[in-house]
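Side chains are part of it too, since the values below use all heavy atoms of this structure and drop only hydrogens, waters and symmetry mates. Naming convention: chains lettered A, B, ... in sequence-line order (proteins, then strands); numbering from 1 in each chain.
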Amino acid sequence: MSHKVFKDAAAALEGLTFDGMTVMSGGFGLCGIPENLIRALRDSNARELTVIGNNVGCDHHGMWLVLANNQIKKVLASYVGENKILEQRFMSGEIEIEFNPQGTLAERIRAGGAGIPAFYTRTGYGTKVAEGKETRQFNGEWYVMETGLVADLSLVKAWKADAEGNLVYRKTARNFNPMIATAGKVTVVEVEEIVPVGSFDPDQIHTPGIFVDRIVVGAHFDKHIERRTTRPRTENA
Amino acid sequence: MAWTRDDMAARAAKELRDGFYVNLGIGIPTLVANMIPEGMTVTLQSENGMLGMGPFPFEGEEDADLINAGKQTITDLPQTSYFSSADSFGMIRGGHINLSILGGMEVAENGDLANWMVPGKMVKGMGGAMDLVAGVKRVVVVMDHCDRSGASKVKKACSLPLTGKGVVDLLITDLGVFEIDKQAGRAALIELARGVTLDEITAKTEASFSVALR
């Protein structure tokens, strides 16, 4: 096995966590979150964390566990609903939340990982999001300058990896994970399966292994569904 | 009498065109997915990273890795593609999506939209709404004309923090339809809902508007 593969989530985070650090975590809602690594982050007891991700888990799931363990100081996210503890701590001023438009957040992470310090976007022009930021006109339209984001540690969920760290995601569980994989000083990935090197078609790899430092097979996947919606099996389809 | 939620969704569905790529917001806009006219090809984009959204799964076939932007379990279609959030918002911000239908808290006569926060209340976040209204070619807002106290949500100027400045092309309420000329910053009433009179909608609208009923 390659030096990138670790035996469990705790081992995969060994020596990487510290108080005051910035952590990025993939997922949209609870879909595609690195749930085993999040539990290990909670168990690390690192405090005063700045957490960057689309959401901060929801009640009893995902990054909520780290929040409930009083480890988070600041959040950068686009949507934080269905999370009572976060609501209470935000309203009381215990936690700072920087709301980012979802596409701006995705692009800030992509830019950070690609070595781009800032970019201009039309999103948020003329709104609170643009307050205090540089604005500039291109071709007669106004744009807001947004900065790239990087993190001390990136936590990623992929479907499968090989020992080189090449990753493949599954369906909408991809979401923020590919950009987050590029934007961490150290990137740790949890997967459902590690496959032999050579079993991926090189044309079908979503994240090349250069972005991945450590890999672990998740011990337990809840894959909790937030809104289970179905249709009846009545029609003769 | 006025339009019901289904009526408003049906009116929004009239904005669909064959070959359109469309993003639907949560709430009434979601109902539009079931109102795509027979024979018309419309591809639904879900901003969490999917083009070609299918219906809800049969019971027992839910997949935690396959949800829409409202976090509901869904299915894919033969033509579906999956991609990252960065690619998804590249489609949105880059003007590749033809139509966005979303809800609103307030719309102003100049096309300003507020739909993400009420000062003093818990803010959940704007999600993808700011990117959608800034980037999608045509933005249709569907909302009730008045709030629960009876105050007009169709304003001279939004009082709530904006989601986008001068971004709404068409406003559909339970009382009627307004077309907004974003360049000129003016609204025109183009349709009245069933059983609604011009006097009634005028009395219930704070915004100024011209009347150009079709």
Side-chain angles (χ1 to χ4, degrees), chain A residues 28-32 54-55 58 77-83 86-88 90-91 97 99-107 109-111 121-129 142 159 169-179 206 221-233 237, chain B residues 46-50 53 55-76 80 82-93 95 112-114 116-117 120-135 161-167:
Chain A
F28 180 95
L30 299 177
C31 180
N54 192 51
N55 320 89
C58 70
S78 89
Y79 184 81
V80 298
E82 295 83 47
N83 195 324
L86 187 64
E87 197 168 315
Q88 288 156 7
F90 174 60
M91 296 307 272
I97 305 179
F99 288 104
N100 281 243
Q102 196 175 131
T104 295
L105 184 64
E107 191 64 13
I109 297 167
R110 197 196 70 79
T121 175
R122 200 159 47 220
T123 302
Y125 178 75
T127 75
K128 274 175 111 59
V129 161
W142 282 100
W159 183 31
Y169 306 95
R170 185 170 177 273
K171 303 191 177 190
T172 56
R174 189 181 318 189
N175 56 63
F176 278 74
N177 283 297
M179 294 82 73
H206 296 144
F221 291 98
D222 274 340
K223 288 204 177 185
H224 183 79
I225 292 174
E226 282 181 76
R227 297 206 172 92
R228 191 177 293 273
T229 43
T230 57
R231 68 190 141 127
R233 246 177 231 278
Chain B
S46 191
E47 67 265 27
N48 54 319
M50 178 184 200
M53 191 170 29
F56 292 153
F58 291 123
E59 204 175 329
E61 293 179 5
E62 307 93 316
D63 183 343
D65 289 341
L66 181 44
I67 62 168
N68 63 17
K71 293 162 193 158
Q72 297 171 312
T73 47
I74 47 161
T75 55
D76 51 17
T80 295
Y82 297 112
F83 35 83
S84 72
S85 302
D87 284 340
S88 178
F89 283 93
M91 290 173 199
I92 290 166
R93 203 188 302 103
D112 288 358
L113 168 68
W116 78 283
M117 71 171 286
K121 289 199 176 168
M122 176 58 197
V123 186
K124 292 185 173 179
M126 68 292 279
M130 284 193 181
D131 308 277
L132 283 159
V133 299
L162 296 185
T163 305
K165 201 170 169 51
V167 293

> Could you walk me through whether B:Y82 and A:Y169 pass the side chain to side chain contact (heavy atoms under 4.5 Å, CB included) test, one step at a time?
CA-CA 10 Å; B:Y82 297 112; A:Y169 306 95; over 6 Å; no

> Just give me the residue among B:A114, B:G49, B:G60, B:P57 that pairs up with chain A most often, heavy atom to heavy atom, under 4.5 Å.
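It is B:P57.
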
> Rounded to the nearest 0.5 Å, what separates atom OG1 in A:T123 from atom CZ in B:F89?
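A:T123 atom OG1 to B:F89 atom CZ measures 8.5 Å (nearest 0.5 Å).
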
> Looking at every heavy atom in both A:K171 and B:D65, which two are closest together, and how far apart are they?
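Where A:K171 meets B:D65 most closely, the heavy atoms are CB-O, 3.2 Å.
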
> Do you know which of B:G128, B:G135, B:A86 has the most heavy-atom pairs with chain A at a distance under 4.5 angstrom?
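Heavy-atom pairs under 4.5 Å are most numerous for B:A86.
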
> Considering non-hydrogen atoms only, spot the tightest contact between A:I225 and B:D63 and give its length.
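Closest approach of A:I225 to B:D63, heavy atoms only: CD1-C, 4.5 Å.
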
> What's the separation between atom NZ in B:K121 and atom CD in A:E87, rounded to the nearest 0.5 Å?
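Interatomic distance, B:K121 NZ to A:E87 CD, rounded to 0.5 Å: 11.5 Å.
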
> For residues A:Y79 and B:K71, report the shortest heavy-atom separation together with the two atoms involved.
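Distance-wise, the nearest heavy atoms are CD2-NZ, 3.6 Å.
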
> Counting heavy-atom pairs closer than 4.5 Å to chain B, which one of A:R170, A:E107, A:H206 comes out on top?
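Sorted descending by pairs with chain B, the first entry is A:R170.
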
> So for B:D87, is it side chain, backbone, both, or neither that comes closer than 4.5 Å to the heavy atoms of chain A?
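Neither part; nothing is under 4.5 Å.
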
> Between A:V80, A:T172, A:N177, who has the most heavy-atom pairs with chain B when the cutoff is under 4.5 Å?
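Of A:V80, A:T172, A:N177, A:T172 has the most heavy-atom pairs under 4.5 Å with chain B.
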
> Judged by atom type as modelled, is there a donor-acceptor pair below 3.5 Å linking the side chain of A:T229 to the main-chain atoms of B:T73?
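Yes, because the side chain of A:T229 sits within donor-acceptor range (under 3.5 Å) of the backbone of B:T73.
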
> Heavy-atom pairs under 4.5 Å with chain B: which of A:I97, A:N54, A:I109, A:N100 has the most?
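Ranked by heavy-atom pairs under 4.5 Å with chain B, first place is A:N100.
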
> Check whether B:V167 gets within reach of chain A through its side chain, its backbone, both or neither, counting any heavy atom under 4.5 Å.
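It is neither, since no heavy atom gets under 4.5 Å.
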
> What part of A:F90 is in contact with chain B, defined as an atom under 4.5 angstrom from a non-hydrogen atom: side chain, backbone, both or neither?
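Only the side chain of A:F90 comes within 4.5 Å of chain B.
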
> Compare every heavy atom of B:S85 with every heavy atom of A:F176, then report the nearest pair and how far apart it is.
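Taking A:F176 first and B:S85 second, the nearest heavy atoms are CD1-OG, 3.1 Å.
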
> Name the residue from B:M117, B:M126, B:M130 that meets the side chain to side chain contact (heavy atoms under 4.5 Å, CB included) definition with A:K128.
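Testing A:K128 for a side chain to side chain contact (heavy atoms under 4.5 Å, CB included) against B:M117, B:M126, B:M130 leaves exactly one candidate, B:M117.
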
> How far apart are the closest heavy atoms of B:D131 and A:P101, and which atoms are they?
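That would be OD2-CB, 3.4 Å.
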
> Let me know if B:T80 has heavy atoms under 4.5 Å from chain A in its side chain, its backbone, both or neither.
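Contact with chain A involves no heavy atom of B:T80 at all.
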
> Pick one of side chain, backbone, both or neither for B:A69, based on which atoms fall under 4.5 Å of a heavy atom in chain A.
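It is both, since atoms from each part get that close.
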
> Taking every non-hydrogen pair under 4.5 Å, which of B:D112, B:T75, B:V123 racks up the most with chain A?
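With the most close heavy-atom pairs to chain A, the winner is B:V123.
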
> I would like to know whether B:E61 and A:R233 meet salt bridge (charged side-chain N to carboxylate O under 4.0 Å, His left out); could you show each step before the answer?
CA-CA 11 Å; B:E61 293 179 5; A:R233 246 177 231 278; 3.3 Å; yes

> When rounded to the nearest 0.5 angstrom, what distance separates CZ in A:R231 from CD1 in B:I74?
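Output value for this atom pair is 11.5 Å.
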
> Side chain from CB out, backbone as N, CA, C, O: work out which of these in A:R110 comes under 4.5 Å of a heavy atom of chain B, or both, or neither.
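Interface part for A:R110: side chain.
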
> Got a second to check how far B:Q72's CD is from A:T230's OG1, nearest 0.5 Å?
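So the gap between those two atoms works out to 11.0 Å.
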
> To the nearest 0.5 angstrom, please state how far the OG atom of B:S84 sits from the CE atom of A:M179.
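Result: 4.5 Å between the selected atoms.
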
> Checking heavy atoms, do the side chain of B:I92, its backbone, both or neither come under 4.5 Å from chain A?
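For B:I92, there is no contact with chain A at all, as no heavy atom is under 4.5 Å.
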
> Taking every heavy-atom pair that is under 4.5 Å apart, which of B:G120, B:P55, B:G90, B:S88 has the most such pairs with chain A?
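Of the candidates given, the most pairs with chain A belong to B:P55.
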
> Need one label for A:R122: side chain, backbone, both or neither, based on atoms under 4.5 Å from any heavy atom in chain B.
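Looking at A:R122, backbone and side chain both touch chain B.
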
> Nearest 0.5 Å, please: how far is CZ in A:R228 from CD in B:E59?
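It is 9.0 Å, given to the nearest 0.5 Å.
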
> For A:C31 and B:I67, which heavy atoms make the closest approach, and how far apart are they?
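The answer is CB-CD1, 3.4 Å.
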
